[in-house]
Every structure is written in structure tokens, then in C-alpha cells.
Amino acid sequence: MLLIPCPWCGPRPESEFRYGGQAHVVRPPDPSAVDDAAWGAYLYLRDNPKGRHAERWRHLHGCGRFFNCVRDTVSDRIVASYKPGEAPPS
Amino acid sequence: MTQPFRIPAGGRIDRDRPVRFTFDGAAFQGFAGDTLASALLANDVHLVGRSFKYHRPRGILSAGSEEPNALVTVDRGAGRVTPNLRATQIELYEGLTARSQNRFPSLRFDLGALAEVAAPLLSAGFYYKSFMWPRSFWKRVYEPAIRRSAGLGRAPVEADPDRYLHQYVHCDVLIVGGGAAGLAAALGASATGARVILCDEQAELGGSLLSEPDVTIDGWPAPDWVREVLVTLGGSVTLLPRTTAFGWYPGNMIGLVERVTDHLAEPAAKLPRERLWQVRAGRVVLAAGAIERPLVFPGNDRPGVMLAGAARTYLHRYGVKVGRRAVIATADDSAYRVAADLYAAGVAIAGVVDQRAAPDSEAIEAVRALGIPIHAGMTIGSTEGRSRVHSVKLANGTDIIPCDTVLMSGGWTPSVHLFSQSRGQLVFDAASGTYLPSEGAIGACAGVFDLATCLRDGTAAGGSEPRSFAVAGVPVMASAGPPVAAAPNRRAFVDFQNDVTAKDLATATTEGFVSIEHVKRYTTTGMATDQGKTSNLNALTDVAALTRQGVEAVGLTTFRPPYTPVTFGAFAGPFRGKLFAPVRLPPIVAAGAVLEDVGSWKRARCFPRDGETIDAAVARECLAVRNDVGMLDASTLGKIEVAGPDAASFLSRIYTGDFASLAPGRCRYAVLLGEDGFIRDDGIVARLAVDRFHVTTTTGGAAFVLHHMEDYLQTEFTGLRVWLTSVTEQWAVIAVQGPRAPEVLAPFIPDIDLGAMPHMSVREGHIDNSAIRLFRVSFTGEAGFEVNLPSVQAQRMWDTLRERDVTPYGTDAMHILRAEKGYLIVGQETDGTVTPDDVGLGWTIGGPDFVGKRSLSLPDLKRTDRKQLVGLLPANPAVVLEEGAQVTASSTSSLGLARRSPQTPGFAAIPGASSEDDAGGNARSHEEKEVVGRAFAIGHVTSSYRSPTLGRGFALALVAGGRAQIGSKLLVPMPGGSIEVTVTEPLFHDKTGERLRVRPVPRPAAEPLLPAEVQSAPVARPSGSVRLAALAPTTRLSVRAGSSAATAIGLAIGVLLPTVPCRSVISRDRAALWLGPDEWLIVAPETASDLAVQARKAVGDHPASIVDVSHGSQTLEITGHRAAWCVNAFCALDLDVRAFPVGMCTRTLLGKAEVVLWRIAAEVFHLHVPRSFVPYVWACLEEARLEFTDAEVV
Ligand SMILES: [Zn+2]
């Protein structure tokens, strides 16, 4: 079981969290201005990197907040976690 | 004679406590402190099992968990039969009943041994080579036959009556292995004040030191030193004997399984049989030791052939001689010390066969001085004997040495299994020919065999300054050279448990399997339950030689959990039976109801009267709603309070409607889409005030909808000032529906004019002084109301209405009534690919943008031939279609179609195509297969019932281009023939909506509800050191606010809202708990019921959300020295008072229930538990607490 650092509550067991998919996928501010192909890409296309992956988690059974993690998909280690709106650590 | 091989003195057994046991029905005696293996050896029993594949007689190879041969079944009565236990780990207890395995009819005369005659046919890969044709035999003939003849013990078929517990534990240092290095590490770690756990799979801590009476540490004989160290550690280190570290999982989570009662003749009922420890360790110190390697020579598996170190353990630890006359085969010096010790105990040593050309050391000279012949540069050519070795022939082909025991010493392999599981880097050590952990290991596990170094390294690994110990004497465990490859002989066993020989490895490499991973799978070496503990390195060495490369180049196969087999019981733990999953009960106990599962809820399906069938009851309930008045417990509906100045704007982006135009006091039906445009949920959005909405969700969708809303609120529509609070458990809902609904309700709700409420409206009022929310909505097509009232009042209201002859109806009637009106049920009419327009809800779409709107204009979602919701009326009114049945346009039969045709219209199944399963004997007829190619499924039945109102069967269906086909005839093919149906609009009752109108009702005099029955709180088991109680009701507020509003609220209600995460502030009789960065739970006495009003007043114009959630949960209190321990049986948080101090509070999981956990004092926790989860959480805590209750009282 992963130990996930919630930016508010600190490290907590994975069972308290819910995975939220790739981070930093921004919903187009005006979807009607986006063509079908771009909208389809927004809906369905995601990265699948080997290595560092920025992803959303929600501390569902805790403070309820969404936040972002950088997780290494090879080692399954979480490299960093940060609040929404913050830039991922380089 | 009893125990003829027990030596007169010595060992750690208790000779004053004889213990009787049986093996294969024969009675024996051993002593307390024996293992089954040592007691059998004391009784000269060497033949203990038959091998997996060839049914060869097998004996006891080792003295530890690496044992591949001596697997037995222990029988403790019905449901308590455990197969495949290692005799070397089973502690003897009075009455132990053990049986050998994999033999028929008996161990000594086993028919399966005929397999050995066929051994040349059963070589590597024989399964793949022999059982290829015919294919139809795979599942029915070959596999059952193979499973019968191969394999180990049989699992019992009865339910396991034992209890199993889980335990979450946190520590700074976890030490795996309680031998010399592990104990030293514990000394080092405990000196730093760290939280330390030391576990060891054996019954006694001490490891190999327990077998070294002649070695001294700081002047103490090694076993006595162990005793003294354990006394020192006892107060500060958690010592766990009989506890195997079986798995290393991400985040330094180590799985331990503690065998709590298996060694006891009569365990106390309150003890679990096993406890699964889930240890979150800051640091893991691996002191798992090393395992002696067998030598690979022909006949090395015969009973009487044993590891040399094991023989010494049996001698020194258990006082057992393993034979009368031993030959020792060795590749290192340690065997000579074994020879000397056995000689001293009176065992004749017939010779030492040393594969090294010129062995030379002090130990060897000592043995030579005893007159024991030493055959240097020699190996064993074969062994002879049936069920016990009686001689060995040396590889020179001439020397034959009579003996009853052969002791092998091929060097020691560090136990790197756990380290490998942790994805650690293993480094090849050429000197020993073994792989070593790159870090984190000490002692023999790290390839260090010098005792003084082990001890010194241990203290340092524990975190202290390295400490030296004075060691005298030489322990048996020693470093040795790399293993030597064996000749490919088909009687020279590499892997004993899976019967893999040196010949098999040669066959595999000859056939082209060169990767060790492929060789492993092809030959099954290392794949048995022992995971190749004794075989892996020998196999690796052989494969390296066969493929002419270095062992390093071949590489090691990956080790996976568990290290040794773990019972299903341990993994399942307490999560079985009533704790398998929470069963949520609505706040109304509806007498006479037949219940059904809806998600995790139990809901009333119908209310049959005496002698009434379910169908009759449902029909009666439907007609009562249509003609009179009925009531449904709809409390399980999800409810979310949406508050804040931007609430309308937020809801307009989440649901299909535009809620800016919804006036306060009015409701609107709304559909929630995923961003892909497909329906995910639906419900009623009710505007209570300009900035406050009450939104309902489906029963099953409640958690999802809240999560979905939070997702968009927190990450996309971040500027909006709005908060969401679940009030599902706060409000009970009684739907009162039917022409008489207004008149039966009116007397109890004097402050609302029911007759003046238009359809789709909401009012706040009172019932019996309790605030209620009254919805004028209908899911039945009749005029009706949904009364939202505090869940504690729901039972009284229900009982009162029942006394007024309101007919209770259940979910069955509800389904029929709504289907007659064409109201859809998400998940029944929809399946995640259905748009609002598909089901005739295009009218709900409005507003500039909402989640999913853009997708609705994608070309595929605008096609006119999409499946659309229609009604179906069977030509024969008596017919009720089957839900899920396919709808076709042409005459056809359909079995294959129903199962296999994709649902896209226009897709034709391929004629004659058939799956593999079909070829395997599916009894479908040729004709049925034929029609698959001609039929087109154009839709499917989503709901189908017999309507008591219409007096006939009717259905809802999704049909391609369905709306254009209204009036036409289609077919529903069934096995008995096709059923003709007429397509209709999906509306069967009151097409004009006339019945939804409410006539003005006279305002009657107010009447009271029935008096409340005294609620019986759950009663805890009395006494014990951990107490559990349900506390009296309290006032609870959910406060969501920014910082300035939070300050104002705190001042107004008399308790400041903490800003530090997970901390609480207590002021007099009230408390504020931080639950999130803008979320607090206020707890106050029940009498402080005006708290919400005070708080709302205080915020003024600051946006905030203040929601009374008093009735949504109940507080449980658990108290006592072991209270944290009991909570940790179900909660994964670190509850050490340093990590979770007094005053800390948080949402978390207790088992499968979300609770708010709050530490009131060091030994007192409060748990705020959602109302419907209270029985589950209560049962969890009772299960954890059982150990600490007084046995007499239980
Ligand atoms: Zn959190």
C-alpha cells in the first residue's frame, strides 16, 4: 500500500485516496470553440509514460481535497505532491 | 521403545512434559518444545511424504521453513484441516493429529509411485508434450487426472470456524529475523528510543544461536545469551515469535503473519488463530539468515538424506540423533563440525565425502584425528534403500558405504527473498557464488558468517554505535565456495518439492530455453510452495554451466510474496460474514418487508400480507398508489446541500439545466452527464433559497455524484463560491404518493399549505417541531410528496402514517409505477452510452455550458439511428418480456445473437463463426447457429413488468431509431420463439399529466405523531480492558467557510475554528474539528440546537455554508489502554500518541466505513459514524475488542 503525502494532512495510507488520472489536463474554457478532434483528444488522450507521471489524487476519506502527485511509474515511488494550481516540481 | 533416537540429555525440549501425538494414525510421544519433525525423528520416523510428481518416498530435509519434502496435513477437526504444513515448523501439542500427503492407499505402499517407472516420460515440459490431443480432453480428462495424481494436500470443504484478525502497525525499525544479527540490531535500535518490532518465524527467538551451546558470547553460552538479551529487549521492543515476514509491499509496508494459536492444544476462543500485521516501517533491517544448500547427486532425495546443519540443530536444540551411522557429503568446512558433534553424541560417522580436491583446515584435522575416513575430491554416485537410505556408492563406482543417514552441506545461501520483493538491487558475490542484498541486510542474510562481525554489524544497523561482543567458539554456519554444477542425472534432484532433476534442466537448455525465467517455467524449478529456497542457486549454477555462461550472467529469478504460504484466512482476516461488507439499513425499520440489496443498502422490496404472494403484494401496492395513497421509504436517495452565492451557476455547469432561472421554492428534474455526454445520474434540484439548493441523486450514485461535483468544483470551476455537503444520512425521505396523499399528510404539517404547492416545488416547514423539507414531486405519476425529515423522526412518521391506512409500497411497485410513466432509472435504461436525447430528455438541456454539453454535438451522438427509449407492448397482453432481451426487426431465433452480436445497429454477425467454448460441447443446435448470421439486433429491453394498472405486460426498450418506429411491430426473439411487440411512446399512464395536479386541501387541525419508541442503543459486551459505548445524540454542524467567515462563526458560536490541519479546539461544552482546509465539524450538546442559526447570522455577507448534520451520524466512544490497538485492527493510521496526539481528528477509513476519528484523551477515541454504518463499525470494534474482554463474560 502506497503512502501518499497529502499536502494538507501529511502522509496517509493509499486506501484513503482515490486516483484521478493524469494531472494538468485543462478543460477548454469554451468547449464550443473547440473542434471535434481537439475535444476528442481532451476527452480520451492521456500520457502513459515510463517514469515520472504527474497525476491527480483526491484525499477522499480525509480532507477531501484534490491535489497532484508526481509518481515514478517504474519504482511506484511518489516523488512529490503539491496543491492544485501549483506548478509541478521540475 | 519410546523415542529411541532421543539422546539422554541436552536440547531445549522440556523432558518433564511429554506430549502425545499421532502421525498417519500411529501414536507417538515427544516433548514440549519439539516440532513434529524433531519428534518424528526421535521416534525413528524418516519416511514422511511422497513427492509431487514421481511419488518418491521423501523424508525430512531441513529443520526450518525451507523444508520442501516433509509437508503434512494437520487435522484439528471439521473445517480446521490445514494441508501442506511443514513438519519442521509445526510445534508439538497434546493430541496433535498429522497425516502424510500425496499417497494412496498408504505412505509406505503408494500406487502413485508407479509414476516413477514412467519417469523417463515425465521429464521437463511433459505436460506440454503429452497432453496436446484431442483438445476437448484438456479440461475434462487431462487436467482432472493430472490434478489427482500430482499435487499436495487437500483443502477442507467446510467453512473455517476460526477467527482471523488484521492489525495495522507503525514502527521506526522492523527487524526481520531473530537470530544473532537480528537480536543485536534490536539492542542497537531500542537504545535509540525508536519504535522497534522484531519478528521471527520460529517459535523461539534466537535463530541458529539456539543450536550453539558450545559458543559463548560475553561469557554466556549462546542460548543463555539469547535469553538475557530477550529480557533486556522485553520492555521496549515488540517481540514477535511465530511471525513470518512474508511480503514487502510499496511504501515499506511489510506483511507479517503471526500464528497465534496453532501451537496450543486448547486455544482460548477469544484469540484469533492468526493475525496479519500490516507494518509500515520507517526502516527495515533484514536479518533473515541463510539457508543451507543440498548437494545434487543421484538419490539425494531418499529419506535419511538431510542437510548437515539440520542434523546438528536436531541434536543440539531438540536432543535428537538423526541416525546411527552417517555419511557426510560436503563442499565446505562446516560439515566437519557437524561430524564432530554427532560423533560426540554417539553417531557413527562412516565417512566424509568432500568434493573439494584438497580440503584443509583445523576442523578437518579434528575429524581425521577421530579416525573418520575422509574421501577428498569425491562425490556420491548414488544412494540405495527403499524408504530409507541404507548405503551410498561413491562416484568412483567402487566404494560402497553402508549408512542410515547422509548429511549434505553445499554451503549457505543468504535469504534474500524479502529484499528481492522490495525491488532492491541484488549483487552477485563471486567468492560465495551467491547473490547478496546491496543494502539493509546484516548477518548471514548479507553473506556475513563470522559471529562477532554479525553482532557488531547488528548493533550498528539498529542505529547505535557499533558494539563489540566477546565471542568464543566457532558456530557451524560458515562461508563456503560457490556451488558446483551437477551432472545431468534424472535421479539427482535439484528441486525436491517439484521433482525437478539435473536432467530436466539439461533437457530444457537443450530444447532452447536459455533464459532462467523460461527454464524456471518450463521445468517448474523454484515454482513450488517453497519457492525454491533450497534449490534456486543449484538450479542457477546448473543452467549457467549448461549454457556456458557465468552465474552472474544467468541472473536470479524474481521472488514474490509470500515468503512461505499464508492461509486464506489470514488474508481475509475479519472481513467475512457480517463484516465482509457494510450492510446499510435505512432509518425506517419497515415491519413485514421483504428486503433486497440495493448497492450496500437493504431496501424494502414489498410488504406481503399473510398468505399473499410477492406478485400479489406488488400489484396491490401499485393499485393503492394509483387509487388511494401509498408510501415508500426513499431515504437511501443521495442528498447534497449546495450552498454559496454561486450555487446556481455551479449547478448549471454540472447538470443539464439552467438553474439561474429556477425560483426559490421550485424544483427541477435534472440529468448529470459525464464529459463524454453520456448520462451518469439524475435527480431533483430544489432551490431552497437564492444561495441554497437541495439536490437528490440516485441511491447508488450518491458517492459518485459528490465526488464528481467536488472534482469540477476544486479543479475546473475553481472561482466559484459554493460548498457541497452530503446530507444523505441527515434526512430520511418518505414518499407519500397517490390521490389521498395531501389529505393524509396535511394534519402533521400545519405550517405548509399542501394544496397550494405546485408540482415540482419545495417548502420548509415542521413536523412535531422538527424542521422538514417537503417536496411536491412524483416518481409515480400520481400527485404526491416526498417528506424529508430528520432521520431520527422517520420511524415515528412512518408508523403514524401506517396507522392512517397509508399502504407501504416497496421498490418493486416503485419500479412498475415509474415505468408506466416512462421515468428512467439510471443504470437500467442507461448503461454509460446513453445521451439525454436518446431517452427523450433533450428538453432538460439548457444553459451556456455544462459538463458533457460539448460532446452532445459530436457527430456520433447526433445520429438519428442511435438507440432511443421507446415502449413495447407484447401482442399477447399476458406476456412479460425478459429484461435484457434483444429486439430485432426480422423473423429469427436468437440465442447466439443475444450473446454475441455487438449492439451497434447494422452490424451483422459473421455466419458460422463460433467461439472456442462452443466447440467444447455447447449443446446449441445447428439451426440456432445458422440464424445468427441473418439477425440484426436493433435494441434491447431495459425494463419489463406486468402492470396492474394496465392489466398487461409492458416494457421499456432502447431501439435503434426507435422514435421513428412508433406504431410498427418488432420481434423479441426468445428460445421458445419470437414474441411480437408493438412499439409505443415510453408512456403508458396518464399521458396528459392530469393526475399530477393537487386539488386544494382544507387546512385540518394539527395532529401529533405517535410517541417515539425508546431507541435501544447497541449493547456492548461488558467489562474488559477496552470499553465501547454509543454516546447520546449531539448537535453537529458542517461548516464550510473562508477564513474571515470562519473567524466570525467561531466567535459567534463560542469555539474558534482551528486552522491547523487535523486538529480540534474544545471550548466548554463544544468543539470544532478541522476536517479540511475550509471545512469544520462543530460538535455541541443536543440542546444547542440554535447553533446553525447563530452561525448563519454571524457570517453576514461572507460566503459560507452551514449545514446541520446532527442526525447524519452517531458517536461511538472506545476507551482503554488498548483502545488505539483495537482501532488499528481496522484503521491504517499511525495512532501512536506521538503521531496522533490528543486533540487530533480526521476523516479516515475504519474497515470499509468512512468515519471521523477524534482522540479525546490518550486512551479515549470518539468516532463519528454515518448513521447507516453504525452497526458495521460497532461490529468491527467488537471483533477487535474481543481479545481484551474477560473470558468468563464473553
Ligand atoms: Zn488530506
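Order of the sequence lines fixes the chain letters, A, B, ..., with proteins taken first and strands second; residue numbering starts at 1 for each chain. Because only heavy atoms are used, hydrogens play no part in the values below, and waters and symmetry mates are left out as well, while side chains stay in.
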Report task. Start with the C-alpha distance between A:Cys69 and A:Phe67, add both sets of side-chain angles, then the distance that settles side-chain contact (heavy atoms from CB on, under 4.5 Å), and finish with yes or no. Result -> CA-CA 7 Å; A:Cys69 273; A:Phe67 59 95; 3.6 Å; yes

**Report entry** Chi angles and distances behind the side-chain contact (heavy atoms from CB on, under 4.5 Å) call for B:Val279, B:His170
**Finding:** CA-CA 6 Å; B:Val279 180; B:His170 291 72; over 6 Å; no

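The contact between A:Arg58 and chain B is made entirely by side chain atoms (from C-beta outward), counting heavy-atom distances below 4.5 Å. For chain B, the nearby part of A:Ser32 is the backbone; its heavy atoms alone come within less than 4.5 Å. Only the side chain of B:Asp849 comes within contact range of chain A, with at least one heavy atom under 4.5 Å from a heavy atom of that chain. For chain B, the nearby part of A:Leu43 is the side chain; its heavy atoms alone come within less than 4.5 Å. For chain B, the nearby parts of A:Arg27 are the backbone and the side chain; heavy atoms of each come within less than 4.5 Å. For B:Glu716, the part sitting under 4.5 Å from any heavy atom of chain A is the side chain, from C-beta outward, and nothing else. Proximity to chain B involves both the backbone and the side chain of A:Leu60, based on heavy atoms less than 4.5 angstrom apart. At a 4.5 Å heavy-atom cutoff, the contact between B:Thr1148 and chain A is made by backbone and side-chain atoms alike. When heavy atoms are compared at a cutoff of 4.5 Å, A:Trp39 approaches chain B solely by way of its side chain, counted from C-beta outward. Both the backbone and the side chain of B:Ser855 come within contact range of chain A, judged by heavy atoms closer than 4.5 Å. Contact of B:Glu1079 with chain A is made through the side chain alone, with heavy-atom distances under 4.5 Å.
In this structure, a donor-acceptor pair under 3.5 Å is present between the side chains of B:Trp723 and B:Asp1078. Using modelled atom types and a 3.5 Å distance limit, the side chains of B:Thr1059 and B:Trp1074 yield no donor-acceptor pair. Between the side chains of B:Thr1146 and A:Arg12, at least one donor N or O sits under 3.5 Å from an acceptor N or O. In this model, no donor atom of one side chain and acceptor atom of the other lie less than 3.5 Å apart for B:Ser1113 and B:Glu729.
Most heavy-atom pairs under 4.5 Å with chain A: of the set B:Gly1076, B:Pro250, B:Gly251, B:Ala1132, this distinction falls to B:Pro250. When each of B:Gln714, B:Gln278, B:Glu1154 is checked for heavy-atom pairs under 4.5 Å with chain A, B:Gln714 comes out on top. When A:Glu16, A:His59, A:Arg65 are compared by the number of non-hydrogen pairs under 4.5 Å with chain B, A:Arg65 comes out ahead. If you tally non-hydrogen atom pairs under 4.5 Å between each of B:Asp711, B:Leu1133, B:Leu1075, B:Asn252 and chain A, the highest count goes to B:Asp711.
In this structure, B:Arg653 is positioned above the aromatic face of B:Phe717, its NZ or CZ under 6.0 Å from the six-membered ring centre and within 45° of the axis.
For B:Phe850 and B:Tyr712, the distance between ring centers is not under 6.0 angstrom.
Counting heavy atoms from C-beta outward, A:His53 and A:Gln22 have side chains that approach closer than 4.5 Å. In this structure, B:Arg280 and B:Val169 have side chains that are not in contact, with every pair of non-hydrogen atoms separated by 4.5 Å or more.
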